[in-house]
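Below is one structure, written out as structure tokens; the observations come after it.
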Amino acid sequence: MDQKTQVSLKERLNPKGWSRGKYFAVCAAILFVLITFTATTIYIFTTRGDKPAEEIVTQDPADEADEDTKPEEEELDEQIEEEQTEEPSPEPSPLPSPTPSPEPGLETAPDPAPEPTANWWSYPTPTLATTRSGDDLLVLVNKQYQLPSTYAPSDLVNLAQQPNLNIRLTSTFYLRSIVINDLRNLANAAQAAGLDMSIKSAYRSYATQQSTYQYWVNYNGGSVDAADQVSARAGHSQHQLGTAVDFSSSEVGDQIGAVFHDTAAAAWLGNHAWEYGFVIAYPQGAEEITRYAYESWHYRYIGVANAAEWRASGKTLEEWLAERN
């Protein structure tokens, strides 16, 4: 190379005319920067995921996952959608309170209510003999339990022969002697309250009850169902006990039936008869229990102490006696 060419190359490589030491220092710095940049670039590309750098650059993102394997984000989205379409599970129940209520959705189904008797006046089968003697004030006599046809109280007395009874008699009636004193007290109290009370029916024998029941069958055109609602068949009547009384008053011309319900005498008996040992046998609204239509006039004597206990129970006489028979 001639001298002129050497000078030209030198000027191109070192146009500023740096000294040899300074020139080499600048070149070394440039070379260090290039080496550092190259190493950094290689490190970045080789540390991106598990795939080679060239694969990351060239592969289509849509093909990143296998067709049968969905990304975690898509699986999570689908799981959320499925949970939203399912029925929500019940919320946790609150802590029990002093009077806890059943937990929602966990309470047991209540026992089904008994189906109402289609014919509440019907007689159950079989009919049974009474579990107590007819002389027992607490004997249960109803459509299931019947008295013997031969039973008659041994202490019957004629009401017309009882002094100071202060109650009108519409016919000749008999009751057991055990009833008389408390009947007298009841009549005196009713009279003091300004009531003119009367008796329409008392003791009936088995034979008399047969005739009475047949009367109601005939009265209802031969309908036994109609008769069973208002009258007992022989052996099933409380009147055979000699402790049942049908009351009335002059307010309705000594009648019984629906007309007696609204009388002052009926109201007084409802509030005070129990104080003298007399209890209404067939109360209003209890037809499916007693199997008889409501009778505001029909009372049965069970004794003062027993009547007080019955009153405190809040039950019908039928239910109260059933617990004791």
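A quick note: this is a predicted structure, and the numbers were derived from the prediction, not measured.
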Requested in this report: Start with the C-alpha gap between H236 and T127, add the side-chain angles, then the distance that decides, and say whether side-chain contact (heavy atoms from CB on, under 4.5 Å) holds.
Outcome: CA-CA 10 Å; H236 297 273; T127 55; 3.9 Å; yes
Report task. Report the C-alpha separation of T243 and L137 in whole Å, then their side-chain angles, then the decisive distance to 0.1 Å, and conclude whether the side-chain contact (heavy atoms from CB on, under 4.5 Å) test is met. Result -> CA-CA 8 Å; T243 54; L137 290 177; 4.1 Å; yes
**Report entry** Steps toward side-chain contact (heavy atoms from CB on, under 4.5 Å) verdict (W320, N306)
**Finding:** CA-CA 10 Å; W320 190 81; N306 289 329; 4.0 Å; yes
Query raised in the report: Would L140 and T131 count as a side-chain contact (heavy atoms from CB on, under 4.5 Å) if you check the C-alpha gap in whole Å, the side-chain angles of each, and the deciding distance to 0.1 Å?
Result: CA-CA 7 Å; L140 179 61; T131 60; 5.7 Å; no
**Report entry** Verdict with reasoning, E318 to T316, per side chain to side chain donor-acceptor pair (under 3.5 Å)
**Finding:** CA-CA 5 Å; E318 181 82 8; T316 63; over 6 Å; no
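Closest heavy-atom contact between V279 and A307: CG2-CB, 4.0 Å. In terms of heavy atoms, R291 sits closest to K143 at O-NZ, 2.7 Å. The two residues A202 and L175 come nearest to each other via the heavy atoms CB-CD2, 3.6 Å. Listed here is the closest heavy atom pair of T290 and A281: CG2-O, 3.7 Å. Nearest approach of A187 to I167, heavy atoms of both residues: CB-CB, 3.9 Å. The two residues G242 and L156 have their closest heavy-atom pair at CA-CD2, 4.3 Å.
Each of Y294, W121, W297, Y292 was compared with Y282 under the ring-ring contact (aromatic ring centres under 6.0 Å, His included) criterion, and only Y292 meets it. Of the residues listed (W274, W268, Y276), the one engaging H272 in a ring-ring contact (aromatic ring centres under 6.0 Å, His included) is W268, and it is the only one.
Taking CG of L138 as the start and CG of N325 as the end, the distance is 7.5 Å to the nearest 0.5 Å. Separating the CG atom in L317 from the CD1 atom in I289 is a distance of 11.5 Å, to the nearest 0.5 Å. Rounding to the nearest 0.5 Å gives a distance of 12.0 Å between CZ of F278 and CZ of R300. Note that CG of L183 and CG of N181 are 9.5 Å apart. Values are rounded to the nearest 0.5 Å. Rounding to the nearest 0.5 Å gives a distance of 13.5 Å between CZ of R132 and CG of L147. The structure places CZ of F247 at 13.5 Å from CD of E295, a figure rounded to the nearest 0.5 Å.
Counting only distance, with no hydrogens or angles, the side chain of Q240 and the backbone of A152 share no donor-acceptor pair below 3.5 Å. For Q162 (side chain) and N158 (main-chain N/O), a donor-acceptor pair under 3.5 Å exists by modelled atom type. One N or O on the side chain of S122 and one on the backbone of N119 form a donor-acceptor pair closer than 3.5 Å. Judged purely by atom type and a 3.5 angstrom limit, N142 uses its side chain to pair as donor or acceptor with the backbone of Y145. Using modelled atom types, one side-chain atom of E251 and one backbone atom of A264 make a donor-acceptor pair closer than 3.5 Å. With hydrogens and angles disregarded, a donor-acceptor distance shorter than 3.5 Å links the side chain of T263 to the backbone of F260. Using modelled atom types, one side-chain atom of R184 and one backbone atom of P163 make a donor-acceptor pair closer than 3.5 Å. No donor-acceptor pair under 3.5 Å is formed between the side chain of Q214 and the backbone N or O of S211. Q209 contributes a side-chain N or O that, together with a main-chain N or O of A232, makes up a donor-acceptor pair within less than 3.5 Å. Panel note: side chain T212, backbone T208; a donor-acceptor pair is recorded below 3.5 Å.
Within the hydrophobic cluster formed by Ile, Leu, Val, Met, Phe, Trp and Tyr side chains joined at under 4.5 Å, directly or through other members, V304 stands alone, with no partner residue. Through chains of ILVMFWY side-chain contacts below 4.5 Å, V217 is grouped with Y213, V224.
Using a 4.5 Å cut-off on side-chain heavy atoms (C-beta onward), S201 and Y203 make no contact. With a 4.5 Å cut-off on side-chain heavy atoms, I180 and L159 count as touching. With contacts defined as side-chain heavy-atom distances shorter than 4.5 Å, the pair Q144/L128 qualifies. At least one side-chain heavy atom of Q229 sits less than 4.5 Å from a side-chain heavy atom of W120.
Put simply, I199 and Y174 are part of two different groups of oily side chains (I, L, V, M, F, W, Y) that touch within less than 4.5 Å, one to the next. Side-chain heavy atoms closer than 4.5 Å link hydrophobic residues (I, L, V, M, F, W, Y) into clusters, and following such links, possibly through other members, connects L269 to V259. Under the 4.5 Å side-chain heavy-atom criterion for grouping Ile, Leu, Val, Met, Phe, Trp and Tyr, F173 is connected to V245 within one hydrophobic cluster. V230 and Y299 are members of different hydrophobic clusters when ILVMFWY side chains are connected at heavy-atom separations under 4.5 Å. Both L169 and Y301 belong to a common hydrophobic cluster when Ile, Leu, Val, Met, Phe, Trp and Tyr are linked at side-chain heavy-atom distances under 4.5 angstrom.
Ring geometry for Y219 versus W216: interplanar angle over 60°, hence perpendicular rather than tilted (30 to 60°).
For the residue pair H298 / Q238, a side-chain donor-acceptor distance below 3.5 Å is found, with atom types taken as modelled. At a cut-off of 3.5 Å, with distance as the only test, no side-chain donor of D254 or T170 sits close to an acceptor on the other residue.
Pairs passing the salt bridge (Lys or Arg N to Asp or Glu O under 4.0 Å) check and including a residue from residues 188-208, sequence neighbours excluded, read R168-D196, R204-D246. Listed by first and then second residue, the salt bridge (Lys or Arg N to Asp or Glu O under 4.0 Å) pairs that reach into residues 307-317 are E309-R324, K315-E323, sequence neighbours excluded. For the salt bridge (Lys or Arg N to Asp or Glu O under 4.0 Å) condition, the pairs that include at least one residue of residues 217-228, sequence neighbours left out, are D228-R233.
In this view, D155 and R176 satisfy the salt bridge (Lys or Arg N to Asp or Glu O under 4.0 Å) rule, not counting sequence neighbours.
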